[in-house]
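To keep things clear, I will list the structure first and then write my remarks on it.
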2 protein chains.
Amino acid sequence: MNQQSTAQNNRLSENRRRSLQTMANRLRKHSLVSTSEAASGHPTSCCSCAEVVATLFFNHLRYEVANPSNPYNDRFVLSKGHAAPILWAVWAEAGAFPTEKLLTLRKIDSELEGHPTFRSPYSGAATGSLGQGLSIGLGMAFAARLDKTGARVFVLLGDGEIAEGSVWEAAALASYYKLDNLVAIVDVNRLGQSQATMYGHDLSSYQARFEANGWRVIAVDGHNIGAVDEALAAATAQSGVPTAILAKTLKGKGVSFLEDQNGWHGKPLKKGEELDKALAELGNNFELAEPLTVKAPKATGSLRKPTAKLSTPPEYPLGSQVATREAYGTALKKLGQNSQDVVALDGDCKNSTYSERFMKEFPDRFVECFIAEQDMVGTAVGLGTLGKIPFASTFACFLSRAYDFIRMAGIGKANLKLCGSHAGVSIGEDGPSQMGVEDLAMMRPIAGSAVLYPSDGVSAERLVELAAQNHGIVYIRTTRPKTPVLYGPDEKFELGGCKVIRSSGEDKATVVGAGITLHEAVKAADQLAKEGIKIRVVDLYSVKPLDVDTLRKAVRETGAIVTVEDHYPEGGIGDAVFASLAGEPGKFRKLAVNGIARSGKPEELLEYAGINARHIVAAVKELMQK
Amino acid sequence: MNQQSTAQNNRLSENRRRSLQTMANRLRKHSLVSTSEAASGHPTSCCSCAEVVATLFFNHLRYEVANPSNPYNDRFVLSKGHAAPILWAVWAEAGAFPTEKLLTLRKIDSELEGHPTFRSPYSGAATGSLGQGLSIGLGMAFAARLDKTGARVFVLLGDGEIAEGSVWEAAALASYYKLDNLVAIVDVNRLGQSQATMYGHDLSSYQARFEANGWRVIAVDGHNIGAVDEALAAATAQSGVPTAILAKTLKGKGVSFLEDQNGWHGKPLKKGEELDKALAELGNNFELAEPLTVKAPKATGSLRKPTAKLSTPPEYPLGSQVATREAYGTALKKLGQNSQDVVALDGDCKNSTYSERFMKEFPDRFVECFIAEQDMVGTAVGLGTLGKIPFASTFACFLSRAYDFIRMAGIGKANLKLCGSHAGVSIGEDGPSQMGVEDLAMMRPIAGSAVLYPSDGVSAERLVELAAQNHGIVYIRTTRPKTPVLYGPDEKFELGGCKVIRSSGEDKATVVGAGITLHEAVKAADQLAKEGIKIRVVDLYSVKPLDVDTLRKAVRETGAIVTVEDHYPEGGIGDAVFASLAGEPGKFRKLAVNGIARSGKPEELLEYAGINARHIVAAVKELMQK
């Protein structure tokens, strides 16, 4: 079973092999010194992969070092992000920046952070939450294949992170899509943060898992330059399936008192005697027997900013019934018609989210991720990195599965569009497990995110278009039931806007809603009007950013605000609106889903949750009497 | 490789086999009729597993039907929660409630919901977000082993949900802990929601995966009662490893126009001709050749309400330096000393979260979950179901990995304690990927949750004790750096409380903080006092529930509120406090982590994020001049 290679390598001259070994020791030295200088970091996790990184970068990678945005570059993703010191070290040795800069590691004015972030163009991907790199690499490999750049993607994982199920989601999908331009390298150094990993140095255990997922597996001694080189050569000879290289290594390799020792995770050596002793063991010959440079890719270029617009304006008669989830699918298709940059992903819900409308027209640009939301988001991030505009959709509640990936996408400043369908209790009979009632709370804190919530077909299409046109993370919340069309085809929408859809000089209160509750607010306005009570109604289609000016004007002019949302009371529309108006005198009432919902008819559940027209009417009247 | 059993079964008499087959058809009939009556639901997903469910319940399960809380009962978890109609059907046939009740499926006044929730004592676990059942079952199996009840745990999964990585996290851990009282049954019916699954009917593919994870695998024709019975008999003959039964089935089995057909997921038959046609195919003989009942377990009993208190009060001199994360570990150990009910789990961070203090004293009650947070939370839910008080800890940011599990724990009304350490930018050099700055936003919306945030060692220990004593989901947020002890050993804390730690009759503003920022607020108060400006300082140790009365009194008496939190601006302390005070006139200012943080020293980052004493002083002065 075990294909561990011990054969003498025939590909490398002795000079080259020695140079690569010297480079590995240079990388070790940089990692030890920079972490000691920072007085924090993970030097032992760098030492274990020094031969792998040196051999990969200087004998296999094809990359225009001065131009990280060249789409023909191979990609390197450091999934074990805590080994960042060796990532920065190898890029410095490759000429990306002076090696002196390595001493700024983890300092507040340096882009050489403790884990890779958006701040360095050489990060590859923001990592540091383990188990995400392979999904991102998968997305990159998919994009490279779409664009026929010939770029390969190398993902370096730790053995500890293999415990994350997301790794196996990615492994399964990469094999399903036969991405033979994707290479995973697992640095099996046996030790996690707090103890040995589940399988220690048992490579056969990892091998069985990858093979069961349809991967080719090559197991090697990760400190044998020749063996690593052969494995990389084999892995990049495309075979129709992705390849995993299992590198058996020692944590802390190269320094006797660190090697294979527990208790040294995330601990730098003390400057002075401790560091000096370690460096002495690395020797003092760091001259390369022959110069090492990173190979150039086959061509040069630069990623351009992707964009897209609807091929035709929304076409819905006013008052006609259309579900915003359906309009999402239509808009996606229209974007796809106008732009090759748009790609779509789904998690086996495409017939519910309506992303299937895109898939049917552009099957090659659609990634069916099956029921694996983490991998779906990671793959989307990878696609975005290579210039695609990825739209990933599933039920709003199931995006919670990928929250850590979304959080990390924020730290990577990814271009990522997420659509959560089936928001709220209005989905009806399926019950609470299928209801997204915490998605606004989840998406609002993501750094730089926009949170959009259409209420009709027209706004849904336009907000999807806005999402495509604004770089960054945009969340679109769609609704299951059909709702009446409110806007004409030329209505304008913008990030940070809202629409006042009912108003008069005599408004006694303002009701702020979105999605299903906006229509309940309209019904409430109609009922109140019959009783001679006029209210203002605001369509809060942009939950983040928020149109605070219009909201402040509303409370000042009407004296009362009722927010109504198909979402739990915490972190959603009510919190956002009320917090933005803190200190404004007035009467405020938040209507939201109080407690766990249940199965029932949509209209019964709007009543049960306290967010339908009847509750809005009661709230307005109650506030008027205060 | 494939051990698919086609042998004639010798365990069952022909009468018994025929009875079980008839029971399977009864379950089909109930599932078809109840979903048609509800006009929604997933009958075809029930039909595929009818033989499996009938054979399991009436020939293997040991369960005191009238007493679901008997700890000696075997457990059944329907991981493919959308097959709820057959779950309710089999419990009705087992005598749990009248079969007439099945017609209330999905109606608003029925506990027979679209997917299993806390409302029925026969749910086993709240499911419906796929891929969670095996982790919950793992926790149950672990609890049963701890308590030596002899209970076995059966988890029925769909093949589509096998794509969720969390399934493989659970598979790996169950094998690591040699839980041979755990049986997974995969209903391989080939079809997902929107298309065929990744592997269709290729059982060998699933077999390789489970075997690679150390499971024993038995592949059978899932419609052959005899084969299913043999497989269950083999699976429950404990072998030192968990067992997976792969049941090859047809979606919609038993109704010719549904069988193995795409496009029938989640679609009921129309009452009238369509349903009648299907029922006609099931025949009209539903008489059992011999009576079928569920076997009794070896003993009876009732789960008692678990509880725990600290074995000794907190012992820290006022002003001494202790990290709340460290106090968490100490408190956990003290709870363990007083109660066998307390168990702890960690995700390879136990030396950072300090849960290792518990592990060292109670290794048998500690579950090392490795780097697999989803499975950690699912396992904790399972432990809680069987009467344990599970405390699961990791970095706050990595709990985001398990958000869907936490959401579902809410729907299950689980008894679950979560500790997120390393909150906020104050962790320092590791950088943003390791900083929990959206955890409050994530935890506040969870139904019925409490969100606690200690600022010193004493409150940390007491809040851990409160968490143990209050059934439900309690989140405890701890801080990495040491902070001074503020309270004496007998200080009282309560859910929904807060502490006014500085106040006078001349306060010009109130600063509300918790954790690291509370100490910045104290510093700010000291600085301002030197300038003759007095302020009130509130320790908001209970973020949810919130002590609105004290906060309202503060704004009314001091005229200004500054919230300061080591968290993003959305969904955290500022939003919670401001929303609760909506309409109160006054001056309000929210200080929070604006934008993506970075690597740096903790004190540099508090400055960079705008949440240190200097910023608080400036905010207070600015508000005073307004």
Side-chain angles (χ1 to χ4, degrees), chain A residues 38 40 106 108 113-115 117 128-130 160-161 163-166 168-169 176 192-194 198 208-209 212 348-351 370-372 400-401 403-404 407 411 429-434 438 441-442 444-445 447 568 570-571 575 578-579 582-583 585-588 595-596 598-600 604, chain B residues 38 40 106 108 113-115 117 128-130 160-161 163-166 168-169 176 192-194 198 208-209 212 348-351 370-372 400-401 403-404 407 411 429-434 438 441-442 444-445 447 568 570-571 575 578-579 582-583 585-588 595-596 598-600 604:
Chain A
S40 70
R106 293 176 160 244
I108 193 152
E113 299 206 62
H115 297 75
T117 71
S129 180
L130 291 166
E161 68 178 307
E164 288 285 7
S166 53
W168 301 110
E169 295 176 4
Y176 180 82
Q193 172 178 322
S194 69
M198 211 184 269
R209 282 172 173 74
D348 193 20
C349 292
K350 56 187 177 289
N351 53 345
F370 299 91
I371 309 175
S400 64
R401 197 66 159 251
Y403 194 34
D404 195 30
R407 178 182 80 83
I411 292 170
E429 290 82 355
D430 273 349
S433 64
Q434 318 293 301
E438 52 288 284
M442 175 177 102
R444 285 179 57 237
Y568 279 143
E570 297 86 5
D575 271 13
F578 289 8
K587 301 166 190 169
F588 289 77
I596 303 168
R598 53 195 310 162
S599 290
E604 289 173 334
Chain B
S40 70
R106 292 175 162 245
I108 192 152
E113 299 207 62
H115 297 75
T117 71
S129 180
L130 291 166
E161 68 177 306
E164 289 285 9
S166 53
W168 302 109
E169 296 176 3
Y176 180 82
Q193 172 179 323
S194 69
M198 211 184 269
R209 283 172 172 75
D348 193 21
C349 293
K350 56 186 177 288
N351 53 345
F370 299 91
I371 310 176
S400 64
R401 197 65 160 255
Y403 194 34
D404 195 29
R407 178 182 80 83
I411 292 169
E429 288 83 354
D430 273 349
S433 64
Q434 318 294 301
E438 51 287 284
M442 177 178 102
R444 285 178 58 236
Y568 280 142
E570 298 86 4
D575 270 14
F578 289 9
K587 302 167 189 167
F588 289 77
I596 303 168
R598 53 195 310 161
S599 291
E604 290 173 332

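Every chain is numbered from 1, with letters handed out A, B, ... down the list of sequences. Worth saying up front: this structure is predicted, and the values here are computed from it rather than measured.
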Winner by heavy-atom pair count (cut-off under 4.5 Å) against chain A, out of [options]:
{"options": "P445(B), G586(B), G571(B), G431(B)", "result": "P445(B)"}
{"options": "E169(B), E604(B), E438(B), R598(B)", "result": "R598(B)"}
{"options": "G595(B), S129(B), G192(B), G160(B)", "result": "S129(B)"}
{"options": "A582(B), P585(B), A447(B)", "result": "A582(B)"}
{"options": "L130(B), D348(B), I596(B)", "result": "D348(B)"}
{"options": "A579(B), G583(B), G600(B)", "result": "G583(B)"}

[X] side-chain N/O to [Y] backbone N/O, donor-acceptor pair under 3.5 Å:
{"X": "R209(B)", "Y": "A212(A)", "result": "yes"}
{"X": "E570(A)", "Y": "A441(B)", "result": "no"}
{"X": "R407(A)", "Y": "S433(B)", "result": "yes"}
{"X": "H115(A)", "Y": "D430(B)", "result": "yes"}
{"X": "D404(B)", "Y": "S400(A)", "result": "no"}

Which value, rounded to the nearest 0.5 Å, describes the distance between M198(B) atom CE and Y176(A) atom OH?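 The OH atom of Y176(A) is 7.0 Å from CE of M198(B), to the nearest 0.5 Å.
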How far does CD of E113(B) sit from OG of S599(A), to the nearest 0.5 angstrom?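 One finds 4.5 Å between CD of E113(B) and OG of S599(A).
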Which bit of [X] is near chain B, if near means a heavy-atom gap under 4.5 Å: side chain, backbone, both or neither?
{"X": "K587(A)", "answer": "neither"}
{"X": "Y403(A)", "answer": "both"}
{"X": "T117(A)", "answer": "side chain"}

Given heavy-atom pairs under 4.5 angstrom as the criterion, report whether the side chain, backbone, both or neither of S40(B) touches chain A.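 Answer is side chain: those atoms of S40(B) sit under 4.5 Å from chain A.
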For a side-chain contact (heavy atoms from CB on, under 4.5 Å) check, start with the C-alpha distance between Q193(B) and I371(A), then their side-chain angles and the critical distance, and finish with the verdict. CA-CA 10 Å; Q193(B) 172 179 323; I371(A) 309 175; over 6 Å; no
Between S194(A) and N351(B), does any side-chain donor sit less than 3.5 Å from a side-chain acceptor?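 There is no such pair (donor and acceptor under 3.5 Å, judged by atom type) between the side chains of S194(A) and N351(B).
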Contact leader toward chain B among E429(A), M442(A), E161(A), where contacts are heavy-atom pairs under 4.5 Å: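 Max contact count across the listed options: E429(A).
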State plainly whether the residues R401(A) and E164(B) are in salt-bridge range, i.e. N to O under 4.0 Å.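 Here R401(A) pairs with E164(B) in a salt bridge, since their nearest N and O are under 4.0 Å apart.
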